[in-house]
Amino acid sequence: MKVPFLDLKAQYISIKDEVDAAIHNVLDNTAYILGKPVAEFEKAFAEAHSSKHCLGLSSGTDGNHLVLWALGIKPGDEVIIPADTFIATAWGATLCGATPVFVDCEPDSYNMDPKKVEAAITPKTKAIVAVHLYGQPTDMDPIQEIATRHNIHLVEDCAQSHLAEYKGKKTGSLTIAASFSFYPGKNLGAYGESGAVTTSDDDLAIYFKKLREHGSLKKYHHETLGHNYRMEGIQGAVLGVKMKYLNAWTEGRRANAKKYGQLLGGIEQIKLPIEMPYAKHVYHLYVIQTAKRDELSNYLNENGIATGLHYPIPLHLQECFKDLGYKKGDFPVTEQLADNCLSLPMFPELNDDQLSYISETIKKFFN
Ligand SMILES: *Cc1c(COP(=O)(O)O)cnc(C)c1O
């Protein structure tokens, strides 16, 4: 049996007629940039994430940048981010000319460890970016308390946490502003590059809108510096169709995570992901830990099961950040995860036959 890591084709086939019609509608109306389908999607996405505003963007990376840019982060500032995340979280800071300052993660949640945040704060710290990694919300309350006490911004990178909840509240609504990615492989994926920011602050929403479109609200009147970070019409149309299914797909991921838990629960040599008591986890990825990571990964691949590594090199050990002066050993939990983590196939359409084949193959490997 072959099990892909992600099956985007299966999802497309299940909504093909609707998506094709929505795309053709954009072509017929020649609304290639922003336009009605984008505006309708923004409204639906904001509502689903308990936010007053959503602005469709060209990518999640652009969202990471836009959030910090709009909050005034500039050269000389420091921005605290987890060492265990995708590189784009750090680009948010570097594109503003600021310096990323890394913090280790917790072994159970895989997210930034609130107990280690305070030690990273200096007089230059202007913001903290919490990432809800793999779909599990960060423990926000203790971090918000620190941010408030030091009078610095706390924002969210929700690229992997569509519809996830922290203490019953949607990620993307927990802070002044948040960024989302709709990269095709994300829990809500476009058919190209795309992302968004959410906020419930009216002034910030207007500023986002300006920065997204060349610093102008009125064509050719450029009130501030800006950029072109607009969402394409076709992506808005695709996302608008997919939005209707996001809840069901999220529950599908959660059901599959539960089945993995039942099937793999007894295997001593692996540690399964844990849903933290404050979290509604949306399982963008299903990441296990094992000391035999590379051997298990090869064995699964040889048996037709695709796997992933998220993330094999922590940010503080990336070549691009060597000037920041970090070294191996600085963030032991993140480094241990980088060596031991393995992402198993995870998508809503993953079926029971595939799940039992994966778990049988893992059991065979350890026997
Ligand atoms: C995917 C991702 C991004 C970047 O999103 P793009 O849409 O690919 O630019 C940022 N942060 C995290 C945590 C991500 O997983």
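In what follows, residues are counted from 1 in the order of the sequence shown. Counting starts at 1 for both ligands and their atoms, in listed order. The shown structure was predicted, so the numbers you read here are calculated from the model rather than taken from an experiment.
We find the CG-OH distance between Leu239 and Tyr191 to be 9.5 Å, quoted to the nearest 0.5 Å.
With a 4.0 Å heavy-atom cut-off, ligand 1 is reached by no atom of Leu133. Residue contacts with ligand 1, taken as heavy atom pairs separated by less than 4.0 Å, involve Asp157 solely via side-chain atoms from C-beta onward. For Asp62, no heavy-atom contact with ligand 1 is shorter than 4.0 Å.
Ring centroids of Tyr134 and His284 are separated by 6.0 Å or more, keeping the two rings apart. Close placement of the Phe180 and His162 rings is indicated, their centers lying within 6.0 Å of each other.
Note: no N/O pair closer than 3.5 Å links Phe86 and ligand 1 by distance alone.
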Working for salt bridge (charged side-chain N to carboxylate O under 4.0 Å, His left out), residues Asp62 and Arg212: CA-CA 9 Å; Asp62 296 337; Arg212 170 177 77 171; over 6 Å; no
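For ligand 1, the atoms lying closer than 4.0 Å to a non-hydrogen atom of Asn64 are 10 (C), 11 (N). Close contacts between ligand 1 and Ala88 involve ligand atoms 3 (C), 4 (C), 10 (C) [criterion: under 4.0 Å to a heavy atom]. Using a 4.0 Å cut-off to heavy atoms of Ser181, the atoms of ligand 1 that qualify are 1 (C), 5 (O), 6 (P), 7 (O), 8 (O). Close approach of ligand 1 to Thr85 is summarised as follows: ligand atoms under 4.0 Å from at least one heavy atom of the residue are 13 (C). Annotation for ligand 1: atoms under 4.0 Å from non-hydrogen atoms of Thr89 are 11 (N), 13 (C).
Close to ligand 1: Lys186, with a non-hydrogen atom less than 4.0 angstrom away.
The two atoms that bring Pro184 and Leu8 nearest to each other are O-CD2, 3.5 Å, heavy atoms only. Residues Tyr357 and Met1 approach most closely at CE2-O, 3.5 Å, considering heavy atoms.
Of the protein's non-hydrogen atoms, the one nearest atom 9 (O) of ligand 1 is Thr61 OG1, 2.5 Å. The protein heavy atom nearest to atom 12 (C) of ligand 1 is Ala159 CB, 3.3 Å. Residue, atom and distance of the protein heavy atom nearest to atom 15 (O) of ligand 1 are Gln160 NE2, 2.8 Å.
Exactly one of Asp201, Asp202, Thr198 qualifies for a side chain to side chain donor-acceptor pair (under 3.5 Å) with His53. That residue is Asp202. Screening Leu285, Leu6, Asn256 for a side chain to side chain contact (heavy atoms under 4.5 Å, CB included) with Met346, the sole residue that qualifies is Asn256.
Salt bridge status for Lys116 with Glu106: absent, with no side-chain N to carboxylate O gap under 4.0 Å.
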